[in-house]
S.K.: 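One structure is given below, represented as structure tokens, and several questions about it will come after.
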Amino acid sequence: MNQRLIPLLLICCLLLSGCGANPLPHDAEDTQLRIVTSSYPSYDFARAIVGNTEHLHMLTRPGIDPHEYEPTPQNIIDLETCDVFLYNGGESDAWVDQLLGSVENPDLVIVRMMDCADLLWEEHEEEEHHDEAHDHEERPDEHVWLDPENVMKIAEVICDTVSELDPAGAETYQKNRDTFLDALQELDQTIQEIVDTAARKTVVFADRFPARYFTEAYGLTCYAAFPGCSSHTEPDADTVARLIDRIREEEIPTVFRVPYSSSTLPEIISEETGATIRLFHSFHNVSQKEYGRVTYLDVMAENAEALKYALN
């Protein structure tokens, strides 16, 4: 057993033998499905299908970088008292495998979102120029939800899962799925129209690059400072120079930054080139104020607006 989880298990035993704390409502007469998700994308997609949040709980906290999350004793309790656990499965969910190894719930149904998509590998145009001191470990890009077609596949799997576990609610789940799929198809068409009518097909991320699935889906070329989940905050001087030269040569008007980034590179490049800085929301998480209010569709609509400026 992982040594880090032993203290968690001891605390959990005390909690379970005491008040049995559980943030999800559950009693003997409660027949509604209890769903736990690892992060906000899975939370939002589950909410779109089940239609409410009373029996839906997210493990990570709003407003933090999910890559830095540390599981708690309560997380084990949450998973031992729920019916469905929905998580993404990428690097930011690395802690999930340890957590599941400590959970005793033989009836738990687990859905891994990355299993619903054709995976792409982390890469970007500038990565090959990084020096040997940089991390070149190859890994699948975890940001599958940034392609709306992948979200459609995920929604289908969630709907099938909860409909099988709760046949009485299946009709409602399927109606919600259909509504969500229609909205996703409209979003997909909107973004494609923006790209099709744009003056250019190149975007620059002066930051980490979570948008591989997005740029592949819409036929865009991207240049970025770091791969998707890189821990680096500042690139080498050669990479900065190449990005600045490319922006000047192609007269790229906008560079993107991502949420929860501490990099100063967007400001440096903006000062050197005159390019404006816009946020491309990776939807890994949302702020406490946005939690439960902001949806994937909201965020992607904002990304689409930002894309207009970057491509024209």
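Model, not experiment: these values are computed from the prediction.
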S.K.: Kindly indicate whether the side chain of K201, heavy atoms from C-beta on, has any atom under 4.5 Å from the side chain of L311.
M.R.: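 A side-chain contact is absent here, since even the closest heavy-atom pair is not under 4.5 Å.
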S.K.: Are V255 and V203 side-chain neighbours, meaning at least one heavy-atom pair lies under 4.5 Å?
M.R.: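 No; the side chains remain at least 4.5 Å from each other.
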S.K.: Has the side chain of D93 got a donor or acceptor atom that lies under 3.5 Å from a matching backbone atom of V96?
M.R.: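 Here the side-chain-to-backbone pair does not exist.
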S.K.: Among all residues two or more places apart in sequence or in another chain, which pass the salt bridge (Lys or Arg N to Asp or Glu O under 4.0 Å) test with R248?
M.R.: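 Here the qualifying residues are E272.
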S.K.: Should the heavy atoms of other residues, nucleotides or ligands under 6.0 Å from CG of D182 be counted, would the total exceed 12?
M.R.: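 For D182, atom CG is crowded (more than 12 foreign heavy atoms under 6.0 Å).
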S.K.: Would you say the side chain of I110 lies within less than 4.5 Å of the side chain of L100, judging by non-hydrogen atoms?
M.R.: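 With C-beta onward as the side chain, the pair touches.
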S.K.: Measure the CZ-CD distance between R139 and E91 for me, rounded to the nearest 0.5 Å.
M.R.: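 Answer for the CZ-CD pair, R139 versus E91, is 4.0 Å.
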S.K.: Rounded to the nearest 0.5 Å, what's the gap from CZ on R212 to CG on D147? Could you check?
M.R.: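 That separation rounds to 12.0 Å.
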S.K.: H55 and N52: which non-hydrogen atoms are nearest, and at how many Å?
M.R.: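 Residues H55 and N52, closest heavy atoms: N-OD1, 4.0 Å.
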S.K.: Report, one line per pair, each donor and acceptor closer than 3.5 Å where one atom sits in a side chain of residues 153-169; sequence neighbours left out.
M.R.:
unit_1: T161; atom_1: OG1; unit_2: V157; atom_2: O; d: 2.8
unit_1: S163; atom_1: OG; unit_2: C159; atom_2: O; d: 2.7
unit_1: D166; atom_1: OD2; unit_2: Y173; atom_2: OH; d: 2.6

S.K.: Parallel under 30°, tilted from 30 to 60°, perpendicular over 60°: which one fits the rings of Y40 and F283?
M.R.: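 Y40 vs F283 ring planes: perpendicular.
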S.K.: Decide yes or no on side chain to side chain contact (heavy atoms under 4.5 Å, CB included) for V36 and L86, but give the supporting numbers first.
M.R.: CA-CA 6 Å; V36 170; L86 177 63; over 6 Å; no
S.K.: After noting the C-alpha distance and the side-chain angles of L187 and I191, does the key distance pass the side chain to side chain contact (heavy atoms under 4.5 Å, CB included) rule?
M.R.: CA-CA 6 Å; L187 169 68; I191 297 172; 3.8 Å; yes
S.K.: Rounded to the nearest 0.5 Å, what's the gap from CD on E149 to CD on Q185? Could you check?
M.R.: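 One finds 9.0 Å between CD of E149 and CD of Q185.
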S.K.: I want to know whether F45 and Y43 have ring centres closer than 6.0 Å.
M.R.: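 Ring-ring flag for F45/Y43: false, centres at least 6.0 Å apart.
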S.K.: Locate the shortest heavy-atom distance separating T215 from C222; write the atom from each residue and the value.
M.R.: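 Scanning both residues, the minimum pair turns out to be CG2-CB, 4.1 Å.
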S.K.: Salt bridge or not for K175 and D178, using N-O below 4.0 Å?
M.R.: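 A salt bridge is absent here (no side-chain N lies under 4.0 Å from a carboxylate O).
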S.K.: Check whether more than 12 heavy atoms from other residues, nucleotides or ligands sit under 6.0 Å from atom OH of Y309, and answer yes or no.
M.R.: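 Open.
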S.K.: For residues 289-300, which side-chain donor-acceptor pairs fall under 3.5 Å, sequence neighbours excluded?
M.R.:
unit_1: E290; atom_1: OE1; unit_2: S287; atom_2: N; d: 2.9
unit_1: E290; atom_1: OE1; unit_2: S287; atom_2: OG; d: 3.2
unit_1: R293; atom_1: NH1; unit_2: K289; atom_2: O; d: 2.8
unit_1: T295; atom_1: OG1; unit_2: L297; atom_2: N; d: 3.4
unit_1: T295; atom_1: OG1; unit_2: D298; atom_2: N; d: 3.1
unit_1: T295; atom_1: OG1; unit_2: D298; atom_2: OD2; d: 3.1
unit_1: Y296; atom_1: OH; unit_2: W145; atom_2: O; d: 2.6
unit_1: D298; atom_1: OD2; unit_2: T295; atom_2: N; d: 3.0

S.K.: Test side chain to side chain contact (heavy atoms under 4.5 Å, CB included) on L99 and Y87 and set out the steps.
M.R.: CA-CA 12 Å; L99 189 62; Y87 77 113; over 6 Å; no
S.K.: Check step by step if side chain to side chain donor-acceptor pair (under 3.5 Å) holds for Y69 and N75.
M.R.: CA-CA 12 Å; Y69 185 70; N75 294 160; 2.7 Å; yes
S.K.: Would a 4.5 Å heavy-atom cut-off, applied to side chains only, mark F85 and N105 as touching?
M.R.: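 Contact flag for F85/N105 side chains = no.
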S.K.: Checking S263 against D207 for the side chain to side chain donor-acceptor pair (under 3.5 Å) test, could you report, in this order, the C-alpha distance in whole Å, the side-chain angles of both residues, the deciding distance, and whether it holds?
M.R.: CA-CA 7 Å; S263 176; D207 210 326; 4.9 Å; no
S.K.: Could you check whether any side-chain N or O of T276 sits under 3.5 Å from a backbone N or O of P253, counting only pairs where one atom can act as donor and the other as acceptor?
M.R.: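 At least one qualifying donor-acceptor pair exists.
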S.K.: Do the charged groups of D44 and R47 touch, with an N to O distance under 4.0 Å?
M.R.: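 Salt bridge between D44 and R47, a charged N being under 4.0 Å from a carboxylate O: yes.
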S.K.: Considering all heavy atoms of both residues, which atom of A225 and which atom of L265 are nearest to each other, and what is their separation?
M.R.: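 Heavy atoms only, the tightest pair is CB-CD2, 3.5 Å.
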S.K.: Would you compute the distance between atom CG of L79 and atom CD1 of I76 and round it to the nearest 0.5 angstrom?
M.R.: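 Atom-to-atom, L79:CG and I76:CD1 are 8.5 Å apart.
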S.K.: Does any part of the side chain of R200, heavy atoms only, come nearer than 4.5 Å to the side chain of I252, both counted from C-beta?
M.R.: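 They are in contact (side-chain heavy atoms under 4.5 Å apart), so the answer is yes.
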S.K.: Can Y223 and F205 be said to form a ring-ring contact (aromatic ring centres under 6.0 Å, His included), step by step?
M.R.: CA-CA 6 Å; Y223 298 93; F205 278 70; over 10 Å; no
S.K.: Considering non-hydrogen atoms only, spot the tightest contact between Y213 and L120 and give its length.
M.R.: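 Minimum heavy-atom contact is OH-N, 2.9 Å.
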S.K.: Find out whether T172 and N176 are in side-chain contact, i.e. whether some heavy atom of one side chain is under 4.5 Å from a heavy atom of the other.
M.R.: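 T172 reaches N176 side chain to side chain.
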S.K.: Using modelled atom types only, decide if a donor and an acceptor are shared between the side chain of R278 and the backbone of A306 within a distance under 3.5 Å.
M.R.: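 No; zero donor-acceptor contacts below 3.5 Å.
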S.K.: How long is the gap from CG on L146 to CG on N303, to the nearest 0.5 Å?
M.R.: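 The distance works out to 7.5 Å.
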S.K.: Do H57 and I35 come close enough that some side-chain heavy atom pair is under 4.5 Å?
M.R.: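 Not in contact.
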S.K.: Would you confirm whether N312, through its side chain, and A198, through its main-chain N or O, come within 3.5 Å as a donor-acceptor pair?
M.R.: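 No: the side chain of N312 does not pair with the backbone of A198.
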S.K.: Evaluate the side chain to side chain donor-acceptor pair (under 3.5 Å) criterion for residues T221 and T202: first the C-alpha distance (whole Å), next the side-chain angles of each, then the deciding distance (0.1 Å), finally the verdict.
M.R.: CA-CA 5 Å; T221 298; T202 300; 4.7 Å; no
S.K.: Answer whether the closest heavy-atom distance between the side chains of T254 and I277 falls below 4.5 Å.
M.R.: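 The answer is no, as the side chains (C-beta and beyond) never meet within the 4.5 Å cut-off.
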S.K.: Once you round to the nearest 0.5 Å, how far does CD of E142 lie from OG of S39?
M.R.: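 Nearest 0.5 Å value for the CD-OG distance: 8.5 Å.
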S.K.: Salt-bridge test for K308 and E305: reply yes if a basic N is under 4.0 Å from a carboxylate O, no otherwise.
M.R.: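 Counted as a salt bridge, because a side-chain N and a carboxylate O are separated by less than 4.0 Å.
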S.K.: With ring centroids as reference points, do F256 and F209 lie under 6.0 angstrom apart?
M.R.: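 No.
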S.K.: Can D196 and Q192 be said to form a side chain to side chain donor-acceptor pair (under 3.5 Å), step by step?
M.R.: CA-CA 6 Å; D196 290 344; Q192 191 62 63; 3.0 Å; yes
S.K.: Can you give me the closest heavy-atom contact between P148 and D188, atom names plus distance?
M.R.: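 It is CB-CB, 4.3 Å.
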S.K.: Are the side chain of D83 and the backbone of L33 linked by a donor-acceptor contact shorter than 3.5 Å?
M.R.: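 Not at all, since once roles are kept as given, no pair shorter than 3.5 Å links the two residues.
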S.K.: Take a 6.0 Å sphere around CD of E186 and say whether it holds more than 12 heavy atoms from other residues, nucleotides or ligands.
M.R.: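 Atom CD in E186 is not crowded, with 12 or fewer foreign heavy atoms closer than 6.0 Å.
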S.K.: State plainly whether the residues R257 and E267 are in salt-bridge range, i.e. N to O under 4.0 Å.
M.R.: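 Salt bridge between R257 and E267, a charged N being under 4.0 Å from a carboxylate O: yes.
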S.K.: Apply the test side chain to side chain contact (heavy atoms under 4.5 Å, CB included) to residues N285 and M58: give CA-CA distance (whole Å), side-chain angles for both, the deciding distance (0.1 Å), then the verdict.
M.R.: CA-CA 11 Å; N285 205 345; M58 184 176 81; 4.2 Å; yes
S.K.: Looking at L279 and V258, what are the two nearest heavy atoms and their distance?
M.R.: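 Looking at all heavy atoms of both residues, the shortest contact is CD1-C, 3.7 Å.
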